[in-house]
Amino acid sequence: QVQLVESGGGMVQPGGSLRLSCTASGSIFNINAMAWYRQAPGKERELVAVITSGGSTNSVDSVKGRFTISRDNAKNTMYLQMNSLKPEDTAVYYCNAVITNAGVSRKYWGQGTQVTVSS
């Protein structure tokens, strides 16, 4: 059984910062790509940033220069450093990972963590 657990969400004023974490645990042979998604009220879930097992990253234009995705493979943990937060960043943030175990690769999701940007 594999679990992804996010932490670090909360409420912050515009211009503030938050750091999200996502830790994978359970029967894991290898973690491939990891990603952060978000879903705002009334909107579809969207990809925010992705990081490969080798550390290559990409992100959507709306967060470039403000958000940084990273990972610590030794800790099976991914991070999202969010700076210069805007009200439109308000959403539930989900982590996603492609994890291989017993020769089978599957996508897993975390339960989500709320990020609210408001004055």
Side-chain angles (χ1 to χ4, degrees):
Q1 195 77 353
V2 174
Q3 277 191 318
L4 295 179
V5 178
E6 300 108 333
S7 62
M11 180 176 286
V12 65
Q13 292 186 341
S17 298
L18 284 173
R19 189 194 196 205
L20 306 183
S21 299
C22 170
T23 299
S25 62
S27 300
I28 298 169
F29 174 74
N30 187 53
I31 302 177
N32 303 299
M34 302 182 79
W36 287 100
Y37 286 75
R38 67 185 179 186
Q39 187 166 19
K43 294 189 176 181
E44 293 187 354
R45 190 174 297 189
E46 67 168 347
L47 176 65
V48 176
V50 60
I51 184 167
T52 68
S53 57
S56 297
T57 65
N58 204 356
S59 59
V60 296
D61 287 345
S62 60
V63 307
K64 284 187 190 295
R66 300 189 299 123
F67 291 10
T68 302
I69 188 171
S70 62
R71 64 191 283 174
D72 184 334
N73 291 331
K75 296 181 179 179
N76 289 342
T77 299
M78 172 180 64
Y79 306 96
L80 186 68
Q81 178 65 45
M82 304 185 294
N83 298 328
S84 302
L85 282 161
K86 304 176 181 180
E88 51 263 44
D89 295 319
T90 295
V92 178
Y93 284 70
Y94 297 90
C95 72
N96 170 279
V98 178
I99 296 175
T100 301
N101 181 46
V104 178
S105 294
R106 280 189 54 193
K107 268 190 178 181
Y108 292 86
W109 290 92
Q111 81 287 355
T113 186
Q114 177 71 46
V115 171
T116 302
V117 185
S118 175
S119 55

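Values in this document were obtained by computation on a predicted structure and should not be read as measured data. All heavy atoms count here, side chains included; hydrogens, waters and symmetry mates do not.
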Return the [atom1] to [atom2] distance between [X] and [Y], rounded to the nearest 0.5 Å.
X	Y	atom1	atom2	value
Gln111	Leu4	CD	CG	9.0 Å
Ser53	Asn73	OG	CG	7.0 Å
Tyr108	Asn101	OH	CG	6.5 Å
Ser119	Met11	OG	CE	10.0 Å
Ile69	Met78	CD1	CE	5.0 Å
Thr52	Arg71	OG1	CZ	7.0 Å

Nearest heavy atoms of [X] and [Y], plus distance in Å:
X	Y	answer
Trp36	Leu47	O-CD1, 3.6 Å
Ser59	Val63	CB-CG2, 3.8 Å
Val98	Ser105	CG1-CB, 4.2 Å
Glu6	Gly112	OE1-N, 2.8 Å
Ala24	Ile31	CB-CD1, 3.8 Å
Leu18	Leu85	N-CD1, 3.9 Å

Practice task
Please check if atom CD in Glu88 has more than 12 non-hydrogen atoms from other residues, nucleotides or ligands closer than 6.0 Å.
Solution key: yes

Exercise for the section: May I ask you to check whether over 12 heavy atoms, not counting those of Gln3, lie within 6.0 Å of atom CD? Expected result: no

Mind checking whether [X] and [Y] sit in one hydrophobic cluster, side chains of I, L, V, M, F, W, Y counted as touching below 4.5 Å?
X	Y	result
Val92	Tyr79	no
Val115	Val60	yes
Tyr37	Tyr93	no

Side chains of [X] and [Y]: does their closest heavy-atom pair fall under 4.5 Å?
X	Y	value
Leu20	Met82	yes
Val117	Lys86	no
Gln81	Ser17	yes
Asp89	Arg66	yes
Lys64	Asn58	yes

Exercise for the section: Starting from the C-alpha separation in whole Å, work towards a yes-or-no answer on side-chain contact (heavy atoms from CB on, under 4.5 Å) for Asn96 and Lys107. Expected result: CA-CA 7 Å; Asn96 170 279; Lys107 268 190 178 181; 3.9 Å; yes

Practice task
Report the relative orientation of the aromatic rings in Tyr94 and Trp109; use parallel for angles under 30°, tilted for 30 to 60°, perpendicular for over 60°.
Solution key: perpendicular

Handout entry: Side-chain donor-acceptor pair present, Thr90, Thr116, cut-off under 3.5 Å
Key = no

